[in-house]
Amino acid sequence: MIHTKIKEAIQGYNDELIELRRKFHSEPELSFEEYKTTAFVCGYLENLGISYRKTEPTGVIATIEGGKPGKTVALRADMDALTVEELNKDLPYASKEDGKMHACGHDAHTAMLLIAAKALNDVKEELPGNVRLIFQPAEEVAAGAKVMVEQGAMDGVDNVFGIHIWSQMPTGTVSCTPGPSFASADLFTVTFRGRGGHGAMPHDCIDAAIVASSFVMNVQSVVSRTVDPQQPAVLTVGKMSVGTRFNVIAENAVIEGTVRCFDPAVRDHIQQQLSQYAEQVAATYGATAKVEYTRGTQAVINDEESAVLVQKTAVEAFGAEVTYHEKPTMGGEDFSEYMMKAPGSFALVGSGNPDKDTQWAHHHGKFNIDEDALATGAELYAQYAWAYLNE
């Protein structure tokens, strides 16, 4: 069910939408440091007459109260930037902060949700229910959503919807498939302790470098030989610190990595296998191992009814050609914290366009978006809220 006034409003606000996105892009703030962005969002909502409250240390929770009784749907946008040096120096709206950049599209998300809120506020008397607006900090460190939930973002919410701009999809496309969307993302640290000594006397030592190397070279068998090959899973070692000097046999080695999967049972299995494998490798060489496993984000699993409604809404708003089926990604997203409180879905809106050089991967210094995608995202936010409340 598409509201024509919402579509017309989004189209009329398109120049402002682009201006907002460029403002946020040029003024990036890192996780839990989004003070200026939070203040701007509050001021914008206040000018619209939308009630809001700031969360701690950053972030905003707002509510558009409809003119008729009904359910409450939440719309979420994240606000934080990354410690990435922008390489698009020629852009008039390039980052003004050295070493900081909106390299993932959160500037677009914040701008899209503000304009969606403006359009929904225009028709609030027609809304059969309420729209919760969640402007979230610290998605990039997988901590912001949990903080927002703890501070009441999902209180009284019946359904939740989020959007991520996606440079790997063509501009103007929308993907929201029922089932797995983003993987769970965990961190592990393995510390091996051997016995150091002189590089000329290896027989008196237990070389932690050898132990750690053996672990790194063979730990992939945890996935390749103990996990059902029809269950997607990734184990990546991203950092290895060992040794202090060229002629000193290393006493300690520290390895850091990540585990990604969709199935909770697979997640439990890999955690158990990782500890067992580290201990056995260490024992082979007479060393010891300590494993620390930290669970990060849960997997984002789109609710079927919600995802189907997103698909239907997108087709009605933009035409059948908008439909795109992006495969699940092993990337993590803390949007899952909201979905633990209410059913919902998470959509991807394409922004990749080689003609505009916006096909670069997320988190790359050349990342940028085709701004034609902004109106698609803003309208999808608003039209989904309208469609859900009118179900």
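Every heavy atom of this structure was used, including side-chain atoms; hydrogens, water molecules and symmetry mates were not.
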Quick check: is Y52 connected to F135 through a chain of hydrophobic side chains (ILVMFWY, heavy atoms under 4.5 Å apart)?
yes
Atom NZ of K146: over 12 foreign heavy atoms under 6.0 Å:
no
Under a 4.5 Å cut-off applied to non-hydrogen side-chain atoms, are P128 and W386 in contact?
yes
Cut-off 3.5 Å, side chains only: do R295 and Q271 have a donor facing an acceptor?
yes
Does E126 CD have over 12 foreign heavy atoms under 6.0 Å away?
yes
Hey, what do you get for CD1 (I301) to CG (D263), rounding to the nearest 0.5 Å?
8.5 Å
Residues that L30 engages under side-chain contact (heavy atoms from CB on, under 4.5 Å), provided they are two or more places apart
E33, T83, K100
Closer than 3.5 angstrom, by distance alone: can the side chain of T258 be matched with the main-chain N or O of D186 as a donor-acceptor pair?
yes
Check H102, E86, H106 against H25 for a side-chain hydrogen bond (donor to acceptor under 3.5 Å, both in side chains) and give me the one that passes.
E86
Q298 and R267 side chains, donor-acceptor separation under 3.5 Å
yes
Distance-only donor-acceptor check, side chains D107 and Y93, under 3.5 Å:
no
Answer yes or no: does atom CD of E316 have more than 12 heavy-atom neighbours from other residues, nucleotides or ligands under 6.0 Å?
yes
Does K7 reach the main-chain N or O of A317 with its side chain, forming a donor-acceptor pair under 3.5 Å?
yes
Atom NZ of K239 with >12 non-hydrogen neighbours under 6.0 angstrom:
no
Verify, without hydrogens or angle tests, whether N130 (side chain) and G66 (backbone) share a donor-acceptor contact under 3.5 angstrom.
yes
When you measure from the side chain of E256 to the backbone of L187, do you find a donor-acceptor pair of N or O atoms at a distance under 3.5 Å?
no
With rounding to the nearest 0.5 angstrom, report the CG to OG distance, L82 to S31.
7.5 Å
Answer yes or no: is there a side-chain heavy-atom contact under 4.5 Å between V216 and I255?
yes
Can you establish whether the number of heavy atoms outside K356 located under 6.0 Å from its atom NZ is more than 12?
yes
For K327, does the NZ atom sit with more than 12 other heavy atoms under 6.0 Å from it, leaving out its own atoms?
no
Taking atom CZ as the centre, does R193 end up with more than 12 heavy-atom neighbours from other residues, nucleotides or ligands that are less than 6.0 angstrom away?
no
Measure the shortest side-chain to side-chain distance between T110 and F40 over non-hydrogen atoms and say whether it is less than 4.5 angstrom.
no
Quick one: CD1 on I2 to CD on Q383, what's the gap to the nearest 0.5 Å?
4.0 Å
Is the closest side-chain heavy-atom distance between E56 and V147 below 4.5 Å?
no
Taking the inter-plane angle between the rings of F188 and Y293 on a 0 to 90° scale, is it parallel (under 30°), tilted (30 to 60°) or perpendicular (over 60°)?
parallel
Set of residues satisfying side-chain hydrogen bond (donor to acceptor under 3.5 Å, both in side chains) with respect to R195, sequence neighbours excluded:
none
Could you check whether any side-chain N or O of T358 sits under 3.5 Å from a backbone N or O of S351, counting only pairs where one atom can act as donor and the other as acceptor?
yes
Can you measure from CD (Q272) to CD (Q276) and round to the nearest 0.5 angstrom?
5.0 Å
Taking D303 for its side chain and S345 for its backbone only, find out whether a donor-acceptor pair lies under 3.5 Å.
no
Are L309 and Y384 packed together at the side-chain level, in the sense that at least one heavy-atom pair is separated by less than 4.5 angstrom?
yes
Could you please spell out the steps behind the salt bridge (Lys or Arg N to Asp or Glu O under 4.0 Å) verdict for E371 and R21?
CA-CA 9 Å; E371 292 176 327; R21 182 260 165 170; 3.2 Å; yes
My understanding is that only one of F346, F367, F182, Y324 makes a ring-ring contact (aromatic ring centres under 6.0 Å, His included) with W166; could you say which?
F182
Going by heavy atoms in the side chains, are E27 and K96 under 4.5 Å from each other?
yes
Taking side-chain contact (heavy atoms from CB on, under 4.5 Å) as the definition, give me every residue that meets it alongside A143, ordered by chain and number, with sequence neighbours left out.
F32, V141
Please examine the side chains of L133 and V60, heavy atoms only from C-beta on, and report whether any two atoms are closer than 4.5 Å.
no
Show your working on side chain to side chain donor-acceptor pair (under 3.5 Å) between Y388 and S306 and close with a plain yes or no.
CA-CA 8 Å; Y388 175 78; S306 178; over 6 Å; no
For the hydrophobic clusters of this structure (ILVMFWY residues joined by side-chain heavy atoms under 4.5 Å, transitively), does one cluster hold both V349 and V160?
no
The reported gap from CD in Q136 to OG1 in T58 (rounded to nearest 0.5 angstrom) is 9.5 Å
Do E29 and T37 have a side chain donor and acceptor closer than 3.5 Å?
yes
Would a hydrophobic clustering, with Ile, Leu, Val, Met, Phe, Trp and Tyr connected at side-chain separations under 4.5 Å, put F192 with V291?
yes
With a 4.5 Å limit on heavy-atom distance, are the side chains of V219 and L274 in contact?
yes
Connected via hydrophobic side-chain network under 4.5 Å: L348 and F161
no
Say whether, by atom type as modelled, one donor and one acceptor occur between the side chain of D207 and the main chain of I249 under 3.5 angstrom.
no
Interatomic distance, N121 atom CG to L114 atom CG [nearest 0.5 angstrom]:
12.0 Å
When you check the gap from the basic side-chain N to the acidic O, do E337 and R76 get nearer than 4.0 Å?
no
